[in-house]
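Residue numbering restarts at 1 for every chain, and letters A, B, ... go by the order of the sequence lines.
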There are 2 protein chains.
Amino acid sequence: MSIKCVNCPIRKSPIFQAMDSETLEYMQRFKVGELVVEPGTPLMSEGSNAPQLYTALSGMGLRYKLLEDGRRQVISFVFPGDFLGLQSGVMREMTHSVEATTNMRLCVFDRSELFNMFRHMPGRGFDLTWLAATQERFLGEAMTSIGQKSATERIAWAMSRVFRHLQAMGEGKGKSVPMPYRQQDLADALGLSLVHTNKTLARMREKQLMSWSDGLLTVSDIEALEELGLVEDDGVASRPLM
Amino acid sequence: MSIKCVNCPIRKSPIFQAMDSETLEYMQRFKVGELVVEPGTPLMSEGSNAPQLYTALSGMGLRYKLLEDGRRQVISFVFPGDFLGLQSGVMREMTHSVEATTNMRLCVFDRSELFNMFRHMPGRGFDLTWLAATQERFLGEAMTSIGQKSATERIAWAMSRVFRHLQAMGEGKGKSVPMPYRQQDLADALGLSLVHTNKTLARMREKQLMSWSDGLLTVSDIEALEELGLVEDDGVASRPLM
DNA sequence: CTCCAGCTATGTCGTAGATTAATGCGGATA
DNA sequence: TATCCGCATTAATCTACGACATAGCTGGAG
């Protein structure tokens, strides 16, 4: 294995820190290999039941849903330490597609093996529920942003969430974190048009709220940005279970 | 008990039909009583960790999130057969609030007792994950509707989902199902203004696409409505586990 | 019976954001 | 070198939707 499990980025993720650490030990046993993919590679697609599950080791991607006519809703960004394919294990099919947007390295698991373990071991299985509930929590927050907030608020919300997460994951240096997406991706994540996203970004850059170019997101005053984005304080996601 | 568990509406729900039926038997043991509430009664609130969990026996309600300034995002409608409080069992706190909008009768469970069971029994615990994943699936769909669809499409989407679900639950008669909400509730669910929702509803009513008044939703051609709402065919939600 | 509160309904107007289109620019290809 | 391609940028125009205002309906409180 090219990465020692001890250094797996998953261990830095707030999501997994809240899980029983034994679960990670168990998961290791079901690792069947690693996978390296290029930007644009589809990892899973909506409606399919992929036999492989992944954790993201490095690089980034997108989860999204498509409408027949091509409109796209980006559900969330995929960062190192994320778990991919929960739904193809629990439901029969993926409810969204996943695609790499940079070079990615992934840790590969066999779906049925891994889920068999989760299904039959009480303590482990509960961590799966935690994962799903965490996703659910995020989606509710995103839905509220898209449904109720202005363009500026939405962008501030998204940027500060990304910034905080990647900082916590140790991905950034100083006041910058990597954010290797196109403006179109952000637009599709927030339910805005590309042009309007661009203009709003420009305005926010002028006002020194943040800057994002060349895949690098720089935020000087994260708290101001969070306030602008009406970000709720996150008392839950990183806290251990009951 | 005023309702026999055998007749619990939960048994009609597609969500629970996909669960291991043994789980329902187990849940019965943890029922601690029933609760009747009036419209407007808050059942759980965002950030709290309610000690009681519920299943809805009759009546309807709302899940929602509030922004500080009062804007409200309705996350989903609550119908008979729904399970309330999953998050306060899995995460430490509810990530949204729940409120009754009609008279409701609820089946009450003790949170820690019930979750203890789920945590320690492998097969049962997996059904919890199924529940959370189902919610996640729905939220992704809602997010896509709010983020990408027009007002008419959103309303068609919401109405056809409600209609199909309540039909399947046996709540309707003929081409009508109960939908006892205010237009404001629908507006907040879809990220639209009340006024625009009202006008769009009027236009759709004129075009005979559907009618909704006095808490009764009537749809003559559900398939046409679904097509208008770009509803994806639901191959997943009602299917049994692997 | 009136009063009031909550809801639906509709018209007018304003605007945030969508659409279209044109320009520029670095990177790849050859 | 030239050509192409994907993406960011910017400006001009349009429109779906929001904001505001008014009126009508219904049911409950006094």
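Regarding R182(B), its CZ atom lies at a distance of 14 Å from the P atom of dA9(C), rounded to whole Å. Rounded to an integer number of Å, the gap from CG of L201(A) to P of dG17(C) is 13 Å. When rounded to the nearest whole Å, the span between CG of L190(A) and P of dG17(C) equals 11 Å. Separating the CG atom of D214(B) from the C1' atom of dT8(C) is a distance of 11 Å, rounded to the nearest angstrom. Atom CD in E206(A) sits roughly 12 Å away from atom C1' in dT9(D) (whole-Å rounding). In this structure, OH of Y181(B) is placed 14 Å from P of dT8(C), rounded to the nearest angstrom. When the P atom of dG6(D) is taken as reference, atom CG of D185(A) falls 15 Å away, rounded to whole Å.
Between N198(A) and dA8(D) there is no side-chain polar atom (N or O) within less than 4.0 angstrom of OP1 or OP2. Taking only side-chain nitrogens and oxygens, Q183(A) comes nearer than 4.0 Å to OP1 or OP2 of dT9(D).
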With the sugar-phosphate defined as primed atoms, P, OP1 and OP2, and the base as all remaining atoms, what B/S/- string results for nucleotides 15-20 of chain D, 5' to 3', for protein heavy atoms under 4.0 Å?
--BSBB
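Below 30°, between 30° and 60°, or above 60°: for F83(B) and F109(B) the angle between ring planes is between 30° and 60°, a tilted geometry.
Atom-to-atom distance recorded for L106(A):CG and L53(A):CG is 11.5 Å, nearest 0.5 angstrom. Considering CD1 of I155(B) and OG of S145(B), their distance stands at 12.0 Å, rounded to 0.5 Å.
Contacts of R205(B) with the nucleic acid, taken as non-hydrogen atoms under 4.0 Å apart, involve only primed sugar atoms and P, OP1 or OP2.
Ring pair H96(A)/Y64(A): centre-to-centre distance not below 6.0 Å.
Between the R105(A) side chain and the V36(A) main chain, no donor and acceptor come within less than 3.5 Å of each other.
The side chain of A202(B) lies closest to dT10(C) when the candidates are dT10(C), dC7(D), dA9(C).
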Can you give each donor-acceptor pair under 3.5 Å made by side-chain atoms of residues 191-198 of chain B, sequence neighbours left out, with the distance rounded to 0.1 Å?
from, atom 1, to, atom 2, distance (Å)
S193(B), OG, H196(B), N, 3.1
T197(B), OG1, S193(B), O, 2.7
N198(B), ND2, Q183(B), OE1, 2.8

Begin from the C-alpha positions of R161(A) and E226(A) and carry the test salt bridge (charged side-chain N to carboxylate O under 4.0 Å, His left out) through to its verdict.
CA-CA 8 Å; R161(A) 292 229 87 207; E226(A) 282 179 333; over 6 Å; no
